[in-house]
Trainee: 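One structure coming up, written as structure tokens, with questions to follow.
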Number of protein chains: 2
Amino acid sequence: MRSGSHFAQTASSNPLVNSPCEKCNVAEMSLCHALSCDDLRKLSSISTGVEVGKGVTIINEMDSADFLFNVTGGSIKLYKLLPDGRRQMTGFLFPGDFLGIAMNDCYAYSAEALEDCKLCRFPRARLEELLKEIPDLENRLLNMVSNELVLAQDQMLLLGRKTAIEKVSSFLLSLSKRTKSKTGAGNVISLPMGRSDIGDYLGLTTETVSRTLTNLKKKGIVSIPTNGRLEINDIEELTDLAEGMD
Amino acid sequence: MRSGSHFAQTASSNPLVNSPCEKCNVAEMSLCHALSCDDLRKLSSISTGVEVGKGVTIINEMDSADFLFNVTGGSIKLYKLLPDGRRQMTGFLFPGDFLGIAMNDCYAYSAEALEDCKLCRFPRARLEELLKEIPDLENRLLNMVSNELVLAQDQMLLLGRKTAIEKVSSFLLSLSKRTKSKTGAGNVISLPMGRSDIGDYLGLTTETVSRTLTNLKKKGIVSIPTNGRLEINDIEELTDLAEGMD
DNA sequence: GCGTCATATTGACCTACATCAAAGACTTAT
DNA sequence: ATAAGTCTTTGATGTAGGTCAATATGACGC
């Protein structure tokens with residue numbers, strides 16, 4: 001196995017672990033946030049714990065959208081493709097994030113595990129029944145989707161109007177902000193995705209991402225002790241760069 | 001008044017017309033879709049009809065998000081700005097569309113009327129109360145926001161990975177599809193926005209939009225009888241161009 | 001109809017980033 | 001440890017689309 005993973009190869013066929021919602025490690029920041037014990041039990045009854053190995057495709061754009069997922073461990077890349085193979089990342093997911101938004105019953109993007117991942121899987125039909133029963137759950141989902149929409153609009157501004165250095169700086173800052181909101185510290189961030197993934201997220205090439213990062217390194221704004229990890233040394237400067245204030 | 005409009009100058013201060021939801025011309029395609037008469041009455045009770053003239057700013061990015069709107073007439077542009085004035089359109093709204101998604105209680109973008117507009121305005125706090133009372137309404141809103149999110153992701157692919165001609169072709173096709181879904185015919189589309197608005201929507205300059213359109217005209221794929229109106233002559237060719245299949 | 005102003009088009013030139021190519025640095029397997 | 005493969009970095013060159021500048025077209029008021 002290329003990735004060396006010991007996890008299952010497909011998300012839908014091998015639910016290896018059944019982790020009840022009651023024990024969920026990301027409950028306070030995900031779909032399950034602020035549900036009553038009773039509601040949590042209902043949700044738990046339709047969920048299945050799933051583990052997938054690094055590199056595994058979890059969902060495929062245009063496949064029938066039979067499941068929704070909550071990420072409980074690892075990280076995931078989301079992307080769309082053009083017929084000739086050009087690729088646009090639409091997002092990276094981390095524990096607490098939600099996966100599986102669809103249109104016309106088909107997934108709107110593909111998703112692939114960047115690392116070994118743990119997911120909580122819900123059959124769409126049964127989750128939708130539950131939404132009718134539990135208004136709090138529907139409200140929670142609405143809030144999550146609304147937030148995602150706002151972030152998507154930020155990304156449009158980035159893709160349409162920012163320069164390479166502004167794009168890379170913005171990207172690092174958004175990862176930092178996420179990390180901070182979870183662990184308290186946002187100086188050291190994890191980069192589980194490759195340079196070409198970052199490029200496809202920012203509308204740049206691998207080479208430009210690399211050049212821009214070495215640029216930031218030379219200025220002392222960031223350090224990259226190892227690929228996969230990055231330290232922000234001057235967050236004010238990075239913030240200015242992200243918005244073109246320099 | 002520069003625009004020659006006879007409508008009110010601000011969205012929040014001059015509710016000129018009180019149009020009850022029962023008579024709404026866009027009910028079947030908007031928030032109010034598939035609500036019971038009783039629920040519709042509740043919704044109607046918290047809504048105010050508002051008219052704004054061309055060029056009027058309806059909401060401002062970072063303002064306190066006190067209202068949500070449903071567009072019932074006219075068209076609107078949504079945009080975000082960078083500190084130095086660079087602008088990214090995040091969307092164009094037409095009758096049936098929803099306006100006012102917020103994050104941290106602030107609007108995520110600004111909105112300006114492209115033509116004289118009619119809106120249905122809801123105080124956020126009261127609408128949120130109503131969402132708790134009427135699960136169907138919340139479900140409807142969730143579906144609308146989810147659809148918007150999918151479209152936002154398509155736009156990311158466009159902004160990050162498409163060429164100028166692919167961008168312009170995609171834009172014309174999306175307007176065509178919208179028009180078709182409403183009127184049945186999608187060959188002739190209305191372009192209430194200027195070239196620079198289109199540029200800011202597609203991540204291009206005015207000049208590039210103009211050049212690309214004359215290019216499409218020269219090839220006979222579109223005709224532009226008058227600015228503000230465009231006819232698609234060869235929709236297959238335009239579709240191929242939009243996806244880089246040529 | 002005529003003048004004013006805003007917007008659109010066209011042309012010449014330029015630059016940020018892409019592309020192409022080669023050399024390093026890691027990773028994993030044996 | 002070493003070899004093979006993958007990913008990253010760096011350099012040289014090309015180009016799509018931006019910028020700057022000059023007309024042209026159209027909309028509106030008088």
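Only this structure's heavy atoms are used, side chains among them; waters, hydrogens and symmetry mates stay out.
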Trainee: CZ of B:Arg229 versus C1' of C:dA8: gap in Å, rounded?
Mentor: 18 Å
Trainee: Would you mind reading off the distance between A:Leu213 atom CG and D:dT10 atom P, rounded to a whole angstrom?
Mentor: 10 Å
Trainee: Of the options D:dA21, D:dG18, C:dA21, whose atoms approach the side-chain atoms of B:Glu207 most closely?
Mentor: D:dA21
Trainee: Using a 3.5 Å distance criterion without hydrogens, assess whether the side chain of B:Ser176 forms a donor-acceptor pair with backbone atoms of B:Gly186.
Mentor: yes
Trainee: Would you say the ring centroid of A:Tyr79 lies under 6.0 angstrom from that of A:Tyr109?
Mentor: no
Trainee: In whole angstrom, what separates B:Arg195's CZ from D:dG26's P?
Mentor: 12 Å
Trainee: Counting only side-chain N and O atoms of B:Arg211, is one of them less than 4.0 Å from OP1 or OP2 of C:dT9?
Mentor: no
Trainee: Need one value for B:Gly199: base, sugar-phosphate or nothing, where a base atom within 4.0 Å counts as base even if backbone is also close, heavy atoms only.
Mentor: nothing
Trainee: Measure CG/B:Asn215 against C1'/C:dT10 and give the value in whole Å, please.
Mentor: 13 Å
Trainee: Between A:Leu114 (CG) and D:dT6 (C1'), how many Å, whole number?
Mentor: 16 Å
Trainee: Please step through side chain to side chain donor-acceptor pair (under 3.5 Å) for the pair B:Arg121 and B:Asn70, ending with a clear verdict.
Mentor: CA-CA 6 Å; B:Arg121 193 185 73 188; B:Asn70 213 39; over 6 Å; no
Trainee: Can a side chain N or O of A:Thr208 be found less than 4.0 Å away from OP1 or OP2 on C:dC17?
Mentor: no
Trainee: Identify which nucleotide among D:dG17, D:dT19, D:dT9 has an atom closest to any side-chain atom of A:Asn227, counting heavy atoms from C-beta outward.
Mentor: D:dT9
Trainee: Would you check if the side chain of A:Lys162 reaches a backbone N or O of A:Lys167 as a donor-acceptor pair within less than 3.5 Å?
Mentor: no
Trainee: Do the side-chain N or O atoms of B:Thr205 get closer than 4.0 angstrom to the phosphate oxygens (OP1, OP2) of D:dG18?
Mentor: yes
Trainee: Let me know, please, whether A:Thr226 or A:Ile165 comes out on the 5' side of the other along DNA chain C by nearest nucleotide.
Mentor: A:Ile165
Trainee: Below the 4.0 Å mark, does C:dT9 have OP1 or OP2 next to a side-chain nitrogen or oxygen of B:Thr214?
Mentor: no
Trainee: Provide, to the nearest angstrom, the distance between the NZ atom belonging to B:Lys162 and the P atom belonging to D:dA16.
Mentor: 19 Å
Trainee: By nearest nucleotide on DNA chain D, pick out whichever of A:Arg161 and A:Gly194 is the more 5' one.
Mentor: A:Gly194
Trainee: Would you find a donor on one side and an acceptor on the other, under 3.5 Å apart, between the side chain of A:Thr183 and the backbone of A:Lys180?
Mentor: no
Trainee: Contact class for B:Gly203 vs. all strands (heavy atom < 4.0 Å): base, sugar-phosphate, or nothing?
Mentor: sugar-phosphate
Trainee: Can you tell me how far P of D:dA16 sits from CD of B:Glu166, to the nearest Å?
Mentor: 12 Å
Trainee: Whole angstroms only, please: what is the CD1-C1' distance between B:Ile224 and D:dT25?
Mentor: 13 Å
